[in-house]
Structures are given as C-alpha cells and as structure tokens.
Amino acid sequence: MDAFNSKDMAMKAQKKILSSMATKSSVQMFIDDTTSEILDELYRVSKEYSGNKSEAQKVIKDLIKIAVKIGVLFRNNRFNTEELGVAQDFKKKLHQGAMTAISFYEVDFTFDKTVMADILNSCRDLLLKLVNTHLTAKSHGRINHVFNHYSDPQLLTSLYNPDGPFRPNLTKICKGLNKLVEDGTI
C-alpha cells in the first residue's frame with residue numbers, strides 16, 4: 001500500500017525550497033543581524049585564508065542550508081524525545097564553544113587549537129547524530145564540510161594569532177558571539 005503523507009511531502013518541499021534560497025538576501029528573512037555579521041566575518045576569514053572565493057561561499061552556503069533545514073525539522077516537530085536530548089547536548093556544546101572562543105580571544109596566548117578543534121568536532125558529531133535519519137547523505141556531507149573547514153588547526157591558529165591578519169575579523173566574531181550568548185540564543 002502507498003504510504004503517502006501530505007505533511008511529509010510539504011516538509012520535504014519546504015526544505016528543498018529553503019535550501020535553494022540560501023543566498024545572502026533571502027537569508028536575512030531567517031537569521032538575525034548579529035548572526036549575519038558573524039557569518040560575514042567567517043566568510044571573509046575563509047576567503048582570505050583559503051584564497052578561494054567560491055570555496056568560502058560554499059562553506060557559508062552549506063552552513064546556512066543546514067541551519068535552515070534543522071529549523072524546518074524543529075518547527076515541524078520531527079525530532080523524537082531522544083533526538084531532542086541530542087539537540088540539547090548540541091546547544092550546550094555550541095554554548096561551550098562560543099564561551100571558549102570568546103575566552104581565547106580575550107586572554108592573549110591562551111588559545112589551544114586542540115581544545116577548539118575538539119569542541120567543533122564534538123558539535124559536528126552531535127549534529128550528525130541529530131539529523132541522522134532526517135537529512136540526506138548530501139546534507140551530512142555539508143555538515144562535515146563546514147565543521148571540517150572551521151576545525152582546521154592551521155585556520156584556527158591563523159585566526160587566533162594576536163598579531164595576525166584575522167584579528168579584526170576575530171574581534172567582530174567574538175563580539176557577535178558574546179551578544180548571542182548574552183541574549184540566550186546560544
């Protein structure tokens with residue numbers, strides 16, 4: 001027997017439409033100004049570090065697509081009780097990552113690339129566990145792409161170099177993270 005479900009079909013269409021709309025102008029509808037500013041700085045860091053504009057755009061686009069899809073799943077109550085527990089664990093780990101990033105920025109020479117990379121890798125693993133049965137392998141690849149990019153120890157070392165070229169970007173990123181933490185967003 002055919003198991004057609006219009007609610008499932010509508011959610012798939014919504015994820016597909018939102019995924020294809022992940023451009024800067026359309027994203028403004030889904031994210032606040034602070035998050036947008038952080039994403040802009042992450043893009044600039046990626047572009048400058050990699051020397052590849054299209055790769056930097058792809059990383060940010062993948063990040064936005066994943067965030068939007070998870071938002072759609074959450075708004076449509078697609079996560080079971082166990083998955084909601086994983087989502088809480090992810091939020092806690094993300095909060096820990098934000099606090100660690102801010103601390104490493106505020107106190108020169110405390111940066112530890114292993115600690116930061118481990119936190120980002122833990123976030124990636126929790127996110128993959130959360131969406132395991134909900135998103136496609138392509139979306140899982142996007143999650144890996146984003147987290148593998150930003151957990152690169154060389155990128156992190158360059159970003160946190162107090163005399164390095166990314167210090168102004170890091171200042172803006174941490175200012176934004178601090179605001180999101182204070183607002184309770186992360």
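Side chains included, hydrogens not; waters and symmetry mates left out as well; all remaining heavy atoms used. We're numbering straight along the sequence, starting at 1.
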List the steps, then state whether side chain to side chain contact (heavy atoms under 4.5 Å, CB included) holds for Lys47 with Gln57. CA-CA 8 Å; Lys47 180 180 158 194; Gln57 288 173 338; over 6 Å; no

Criterion salt bridge (Lys or Arg N to Asp or Glu O under 4.0 Å) on Lys113 and Asp152, from CA distance to verdict: CA-CA 9 Å; Lys113 64 185 174 192; Asp152 174 9; over 6 Å; no

Salt bridge (Lys or Arg N to Asp or Glu O under 4.0 Å), that's the test. Do Glu41 and Arg44 meet it? Break it down for me. CA-CA 5 Å; Glu41 292 306 318; Arg44 289 181 189 106; 2.5 Å; yes

Determine whether Ser36 and Asp33 satisfy the following criterion, side chain to side chain donor-acceptor pair (under 3.5 Å), listing intermediate values before the conclusion. CA-CA 5 Å; Ser36 180; Asp33 289 342; 5.9 Å; no

Ser139 and Lys69: CA distance, side-chain angles, deciding distance, side chain to side chain donor-acceptor pair (under 3.5 Å) verdict: CA-CA 9 Å; Ser139 291; Lys69 286 182 179 188; 3.2 Å; yes

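For Asn80 (side chain) and Glu82 (main-chain N/O), a donor-acceptor pair under 3.5 Å exists by modelled atom type. A donor-acceptor pair under 3.5 Å is absent between the side-chain atoms of Asn178 and the main chain of Cys174, judged by distance alone. For the pair Tyr150 (side chain) and Leu42 (backbone), a donor-acceptor distance under 3.5 Å is present.
With sequence neighbours excluded, no residue satisfies salt bridge (Lys or Arg N to Asp or Glu O under 4.0 Å) with Asp163. Not counting sequence neighbours, the partners of Phe79 by the ring pair (Phe, Tyr, Trp, His ring centres under 6.0 Å) test are His134. By the ring pair (Phe, Tyr, Trp, His ring centres under 6.0 Å) test, Phe111 pairs with Phe104, Tyr160, sequence neighbours left out. Thr114 is linked by a side-chain contact (heavy atoms from CB on, under 4.5 Å) to Asp112, Asp118, counting only residues two or more places apart in sequence or in another chain.
With contacts defined as side-chain heavy-atom distances shorter than 4.5 Å, the pair Glu83/Thr133 qualifies. At least one side-chain heavy atom of Tyr43 sits less than 4.5 Å from a side-chain heavy atom of Lys53. Residues Ile64 and Leu39 are in side-chain contact: their nearest non-hydrogen atoms beyond the backbone lie under 4.5 Å apart. Within the 4.5 Å cutoff, the side chain of Val181 has heavy atoms near those of the Met99 side chain. Two residues are said to be in side-chain contact when any heavy atoms from C-beta on lie closer than 4.5 Å; Phe74 and Leu84 meet this criterion. Considering only heavy atoms from C-beta on, Lys172 stays 4.5 Å or farther from Glu37 through its side chain. Side-chain atoms of Asp183 and Asp32, non-hydrogen and from C-beta on, never get closer than 4.5 Å to each other. Within the 4.5 Å cutoff, the side chain of Val45 has heavy atoms near those of the Leu155 side chain.
Summarising the geometry, atom CD1 belonging to Ile70 is positioned 5.5 Å from atom CD1 belonging to Ile143; distances are rounded to the nearest 0.5 Å. Distance check: Leu135 CG to Leu73 CG gives 5.5 Å after rounding to the nearest 0.5 Å. The CD1 atom of Ile173 sits 10.0 Å away from atom CZ of Phe166, with the distance rounded to the nearest 0.5 Å. With rounding to the nearest 0.5 Å, the separation of CG in Leu177 from CD1 in Ile38 is 4.5 Å. Between the NE2 atom in His149 and the CG atom in Leu63 there is a gap of 10.0 Å [rounded to 0.5 Å]. Rounding to the nearest 0.5 Å gives a distance of 7.5 Å between NZ of Lys58 and CD of Glu55.
Between Ser151 and Asn121, the shortest heavy-atom contact is OG-OD1, 3.4 Å. The minimum heavy-atom distance linking Thr100 with Val115 is given by the pair CG2-CG1, 4.2 Å.
A donor atom on one side chain and an acceptor atom on the other are not found under 3.5 Å apart for Ser158 and Asn161.
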Side-chain donor/acceptor pairs under 3.5 Å, residues 88-96, sequence neighbours excluded:
{"from": "Lys93", "atom 1": "NZ", "to": "Gln96", "atom 2": "OE1", "distance (Å)": "3.0"}
{"from": "His95", "atom 1": "ND1", "to": "Ile186", "atom 2": "O", "distance (Å)": "3.1"}

Residues 125-132, side-chain donor-acceptor partners within the protein, below 3.5 Å, at least two apart:
none

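Within 6.0 Å of CD on Glu48 lie no more than 12 heavy atoms contributed by other residues, nucleotides or ligands.
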